[in-house]
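Numbering starts at 1 and runs along the sequence shown.
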Amino acid sequence: VQLQASGGGLAQPGGSLRLSCVDSRMTPNIIMGWFRQIPGSQHEMVATISGGGVTSYADSVKGRFTISRENWRDTVYLQMDNLKPGDQAVYYCNTRGKSWEWGQGTQVTVSS
């Protein structure tokens, strides 16, 4: 399994979604990240997490999104709360350095 993201969908403003990403290459020494992309733009870093749980967030999502990981499941999560229309994008996971080929991503739509 490689960069298989899931959990996207339609949410109302103020709503929540939880994204998951599985990759069998994920090891605790690899810093993983969630990224998002809107048409015509590059991938934007949303959040990163080290194998030990140290996190960082883009200013636009601080206090609303939470990244976590389960190393034994080769899985990284993104809990998205208080969603805003500006969060609408295709969400991807990758290493912090974007060193793996991008997977399919999962679409997040925020609309009333």
Taken to the nearest 0.5 Å, the spacing of Met26 CE from Thr95 OG1 works out to 10.0 Å
Donor-acceptor contacts under 3.5 Å from residues 3-20 side chains, at least two apart:
{"unit_1": "Ser16", "atom_1": "OG", "unit_2": "Asp81", "atom_2": "OD1", "d": "2.7"}

Flag yes if Ile31 and Tyr92 sit in one hydrophobic cluster, no otherwise; membership is Ile, Leu, Val, Met, Phe, Trp, Tyr, and two members link when side-chain heavy atoms are under 4.5 Å apart.
-> no
Would you indicate whether Gln104, at its atom CD, is surrounded by more than 12 heavy atoms from other residues, nucleotides or ligands within a distance under 6.0 Å?
-> no
Roughly how far, to the nearest 0.5 Å, is CZ of Arg69 from CE of Met32?
-> 6.5 Å
Measuring from Met45:CE to Lys98:NZ, what's the distance to the nearest 0.5 Å?
-> 9.0 Å
Using the side-chain contact (heavy atoms from CB on, under 4.5 Å) rule, pick out the option among Trp102, Tyr91, Trp34 that qualifies with His43.
-> Trp102
Are any of the side-chain heavy atoms of Leu78 and Arg36 separated by less than 4.5 Å?
-> no
Kindly indicate whether the side chain of Thr75, heavy atoms from C-beta on, has any atom under 4.5 Å from the side chain of Val22.
-> yes
CD1 (Ile30) and OG (Ser50) are apart, to the nearest 0.5 Å, by 12.0 Å
Same hydrophobic cluster for Tyr77 and Phe35, using side-chain heavy-atom links shorter than 4.5 Å among ILVMFWY?
-> no
First locate atom CD1 of Ile67, then atom SG of Cys93, and finally report the distance between them rounded to the nearest 0.5 Å.
-> 9.0 Å
Please step through salt bridge (Lys or Arg N to Asp or Glu O under 4.0 Å) for the pair Asp87 and Lys84, ending with a clear verdict.
-> CA-CA 5 Å; Asp87 297 320; Lys84 301 178 179 180; over 6 Å; no
Arg96 side chain near Ser56 side chain, heavy-atom distance below 4.5 Å | no
Given side chains that start at C-beta, do those of Trp100 and Gln2 come closer than 4.5 Å, heavy atoms only?
-> no
Do you reckon Phe65 sits in the same ILVMFWY cluster as Val76, going by side-chain contacts under 4.5 Å, direct or chained?
-> yes
